[in-house]
Amino acid sequence: MGTAQHFSITLPSDMADAIKSKVATGEYETEGDVIRDGLRTLMARDRAIDLWLDNEAGPAYDAIKADPTRAITVGEVRESLALELKKANPER
């Protein structure tokens, strides 16, 4: 892990209880392990969002900006979703 820093944090009781429970059940060895794993998960989520923005959302925005006729209206989106829902649940 390299160098480490010590932090003192205050958490709401429900979060503190969740951390203690993870240690008590043996899922994690220490409270610090729980926090580290949570931060790793948060960082992975942030990376995934950045990749999505760079690879999908940004290019889609640029494409619509370059050719606005490619855009569809909110009504068209709702209509398409309603059709998909009806296909998935014909009795609805």
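Count residues from 1 along the sequence. These values consider heavy atoms only, across backbone and side chains, with no hydrogens, waters or symmetry-generated copies.
Looking at S80, its side chain never comes within 3.5 Å of a backbone N or O of V77 through a donor-acceptor pair.
Atoms CD1 and CD, from I72 and E79 in turn, are 10.0 Å apart once rounded to the nearest 0.5 Å.
Linking ILVMFWY residues whenever their side-chain heavy atoms come closer than 4.5 Å, directly or via other members, places I35 and F7 in the same cluster.
Every residue two or more places apart in sequence or in another chain was checked for a side-chain hydrogen bond (donor to acceptor under 3.5 Å, both in side chains) with E29, and none qualifies.
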Taking distance alone, no hydrogens or angles, what donor-acceptor pairs closer than 3.5 Å link side-chain atoms of residues 41-64 to residues at least two apart or in another chain?
unit_1 : atom_1 : unit_2 : atom_2 : d
T41    : OG1    : D37    : O      : 3.0
N55    : ND2    : L51    : O      : 3.3

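Residue I19 forms a side-chain contact (heavy atoms from CB on, under 4.5 Å) with just one option from V34, T30, D33, and that option is V34.
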